[in-house]
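Taking it in order: structure first as structure tokens, then the write-up.
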Number of protein chains: 2
Amino acid sequence: MTIADSSAFRVSNLRQACAHCGLNQLCLPMALSEADMEQLDSIVERRKPLKRGSHLYRAGDGFKAIYAVRSGSLKTFSVTETGEEQVTGFHLPGELIGLDAINSWVHPCSASALETTSVCALPFEELEQLAAHIPGLQRQLLRLMSKEIFADQEMLFAMARRSAEERLAMLLLSFSDRFSRRGLSATRFRLPMARSDLGNYLGLAPETMSRLFRRFSENGWLSADGREIQLLDIAALTELSGRPTDDEPPVGKLHHSSL
Amino acid sequence: MTIADSSAFRVSNLRQACAHCGLNQLCLPMALSEADMEQLDSIVERRKPLKRGSHLYRAGDGFKAIYAVRSGSLKTFSVTETGEEQVTGFHLPGELIGLDAINSWVHPCSASALETTSVCALPFEELEQLAAHIPGLQRQLLRLMSKEIFADQEMLFAMARRSAEERLAMLLLSFSDRFSRRGLSATRFRLPMARSDLGNYLGLAPETMSRLFRRFSENGWLSADGREIQLLDIAALTELSGRPTDDEPPVGKLHHSSL
DNA sequence: CGTAGACTTGAGAACCTTCAATCAGTGTGG
DNA sequence: CCACACTGATTGAAGGTTCTCAAGTCTACG
């Protein structure tokens, strides 16, 4: 306990350097030279782990740093005046959070750990200065922000046009993909969050989530034991999620003979 | 117009320079020095106006530049394999579009003009280089992207938790605010897009839009003549849009006697 | 002046929510 | 060790919001 205490974590020790982090192909250092990575290392603050449920920051906190998830996972969420909570994202190792605070210098939403989680803090003003000197870093920062904009728009699309089943299929495939990029199984994983968080994120009631998981199980698409998920029919989920795999046109409809 | 300052004469197209653009407080040049603005000017390509309905870019096009709306308006939208269209945003003068393409170097959605519209193209690679030299520009670029992330998340929230009425109220107030920042009336404006586009953006059927506008009119919140809108009760709309009317707490609610 | 597209209106149905009760898992205290 | 509370998950029933379908009206514009 005392061994792991603050001073040891403030020092940028080699074992934890970005260059040796297994996530550097997903995270900010991507495609940086060794020398550039050392510079990045010098501003990174490696925090001690957050316990499950504790907050990395809260809505309204002043913005000082962007955070990269190192291990564990977090959810970000905003809270209305009435206490309604809206989950805006789930974040796995290698992902950046806090980008939505750059504009106003205040965090518009809160971030809390879904399990024991450690993060790297990237003090924003120093990061900005560094980005101006390291072209690759500036580009990667812009890319990651762009990616988030795109992801949010896809989510928007899903919320606007997709049924509950389709949304869940999308989300499961998204986790599958993200886990597999991190070297974990694409078909067997443990979701770190409660059903109600998943539902909240998808704009669905917890009861609906429950019914969806049952239906998916009955259809043989997955098996779920609590948060432990096994995907059994990725093809079916993929079809549901978006691409209407044009091998299943409405056969009964005889209208267009030739297109 | 040009009560010319001598330094500005060296810029080729004086009338169109960022420094003299009425939008520069909303757009990228915000808070740049005159000298920095000249540098920005030098990479800006001012395109000839787009006709209503024509495309600035299409989904799948290679990404070359970010665009700033100079006059008129556009919508951005993605199209699925099945031809479904999802409007992802409406863009007024001073706003930047194409930021979602930075990550993949391909435009993930299309942009088309809602009326006669002119834009400034900001070739991305040059913009990136310039941003590395001009701290204020890098910061403003990051801020604008952050703002878009935040806006998308607010929209996500709306889609997940808000009723059709609440969403429309939000959208109307958003337009009101954006028009007034551009020196137009906050209460009387002409929406440049069809009801069906509005509905598509909000995840609502056109028929629902029609019924909503009628209900809003009946309640005296606005009067609408086609695309010409007059907001009559901003307070009511504001209350609807976000703060859940805490003057109507569940006082009268007798806990279920028996049903 | 006629056609095409946009908007409106109504009726019925679908999907998802809300409410309520039950159940399972976990940690606590007697 | 077991009762107890507590949180999260599950299931059923009822209801509401919004969609879809189908006309019908209006408007813009060649």
Side-chain angles (χ1 to χ4, degrees), chain A residues 51-53 75 82 84-87 112 114-115 158-169 171 190-218 222-229 240 250 253 255, chain B residues 51-53 75 82 84-87 112 114-116 158-171 190-218 222-229 240 244 250 253-259:
Chain A
K51 289 210 185 84
R52 177 186 154 163
K75 66 172 175 180
T82 51
E84 289 176 287
E85 196 176 285
Q86 168 66 32
V87 174
S112 78
L114 293 166
E115 57 195 310
M159 302 291 278
R161 308 234 93 71
R162 297 299 187 200
S163 70
E165 281 196 354
E166 292 168 330
R167 283 184 236 170
L168 179 56
L171 186 63
R190 181 183 173 76
L191 294 174
M193 73 295 289
R195 290 276 191 283
S196 57
D197 281 334
L198 287 175
N200 185 304
Y201 178 61
L202 295 175
L204 299 169
E207 295 92 331
T208 303
M209 293 304 291
S210 198
R211 288 183 250 268
L212 286 174
F213 272 99
R214 182 158 61 87
R215 215 179 309 164
F216 279 31
S217 294
E218 286 168 0
L222 56 75
S223 74
D225 175 24
R227 297 179 176 184
E228 212 69 51
I229 305 292
L240 238 192
K253 285 234 162 152
H255 275 193
Chain B
K51 289 210 185 84
R52 175 186 155 162
K75 67 172 174 179
T82 52
E84 289 176 287
E85 196 174 287
Q86 168 66 32
V87 175
S112 80
L114 293 165
E115 57 196 309
T116 302
M159 303 290 277
R161 308 232 94 68
R162 299 299 186 201
S163 70
E165 281 196 353
E166 292 168 331
R167 283 183 236 170
L168 179 56
M170 280 184 56
L171 186 64
R190 182 182 173 76
L191 294 174
M193 72 295 289
R195 290 276 191 283
S196 57
D197 281 335
L198 288 176
N200 184 305
Y201 178 61
L202 294 175
L204 299 170
E207 294 93 331
T208 304
M209 293 305 291
S210 196
R211 289 183 251 266
L212 285 174
F213 271 100
R214 183 158 60 87
R215 216 178 309 164
F216 279 29
S217 294
E218 286 168 1
L222 56 74
S223 75
D225 177 23
R227 297 181 176 184
E228 211 69 51
I229 305 291
L240 235 194
K253 247 199 175 166
L254 337 152
H255 46 57
H256 305 78
S257 45
S258 62
L259 293 182

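In the text below, chain A, chain B and the rest are named by the order of the sequence lines, each starting its count at 1.
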Roughly, in whole Å, what's the span from [atom1] in [X] to [atom2] in [N]?
{"X": "Leu204(A)", "N": "dT17(C)", "atom1": "CG", "atom2": "C1'", "result": "10 Å"}
{"X": "Glu218(A)", "N": "dT10(D)", "atom1": "CD", "atom2": "C1'", "result": "13 Å"}
{"X": "Asn200(A)", "N": "dT18(C)", "atom1": "CG", "atom2": "C1'", "result": "16 Å"}
{"X": "Arg215(B)", "N": "dG10(C)", "atom1": "CZ", "atom2": "P", "result": "13 Å"}
{"X": "Leu114(A)", "N": "dG8(D)", "atom1": "CG", "atom2": "P", "result": "13 Å"}
{"X": "Leu202(B)", "N": "dT18(D)", "atom1": "CG", "atom2": "P", "result": "12 Å"}
{"X": "Met159(A)", "N": "dC15(C)", "atom1": "CE", "atom2": "C1'", "result": "15 Å"}

*asked:* Within the 4.0 Å heavy-atom criterion, would you say Gly199(A) contacts the bases, only the backbone, or no part of the nucleic acid?
replied: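 Answer is nothing: Gly199(A) stays at 4.0 Å or more from every strand.
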
*For residues Met193(B) and Lys75(B), determine if any side-chain heavy atom of one lies less than 4.5 Å from a side-chain heavy atom of the other.*
no

*Do Met209(A) and Leu202(A) have side-chain heavy atoms sitting under 4.5 Å apart?*
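When only atoms from C-beta onward are counted, Leu202(A) and Met209(A) do touch, with a gap below 4.5 Å.
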
*Short side-chain N/O contact to dC19(D) OP1/OP2 from Thr208(B), under 4.0 Å*: yes

Any residue meeting side chain to side chain contact (heavy atoms under 4.5 Å, CB included) with [X], in chain and number order, not counting sequence neighbours:
{"X": "Ser217(A)", "answer": "Leu222(A)"}
{"X": "Thr208(B)", "answer": "Ala164(B), Leu204(B), Ala205(B), Leu212(B)"}
{"X": "Ser210(A)", "answer": "none"}

Between the protein and nucleotides 25-30 of chain D, list the N/O to N/O atom pairs that are separated by less than 3.5 angstrom.
none

Not counting sequence neighbours, which residues clear salt bridge (Lys or Arg N to Asp or Glu O under 4.0 Å) with [X]? List them please.
{"X": "Glu115(B)", "answer": "none"}
{"X": "Glu228(B)", "answer": "Arg190(B)"}
{"X": "Arg214(B)", "answer": "Glu218(B)"}

*Quick one: bend of the helix from dC1(C)-dG30(D) to dG30(C)-dC1(D) from 5 pairs per end, to 10°?*
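The end-segment axes of the helix from dC1(C)-dG30(D) to dG30(C)-dC1(D) are tilted 30° relative to each other.
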
Set out, line by line, the N/O atom pairs under 3.5 Å between protein and nucleotides 4-8 of chain C.
unit_1	atom_1	unit_2	atom_2	d
dC7(C)	OP1	Arg195(B)	N	3.3
dC7(C)	OP2	Arg195(B)	N	3.1
dT8(C)	OP2	Ser210(B)	OG	2.8
dT8(C)	O5'	Ser210(B)	OG	3.0

Taking side-chain hydrogen bond (donor to acceptor under 3.5 Å, both in side chains) as the definition, give me every residue that meets it alongside [X], ordered by chain and number, with sequence neighbours left out.
{"X": "Ser163(B)", "value": "Glu166(B)"}
{"X": "Arg52(B)", "value": "none"}
{"X": "Glu165(A)", "value": "Arg215(A)"}

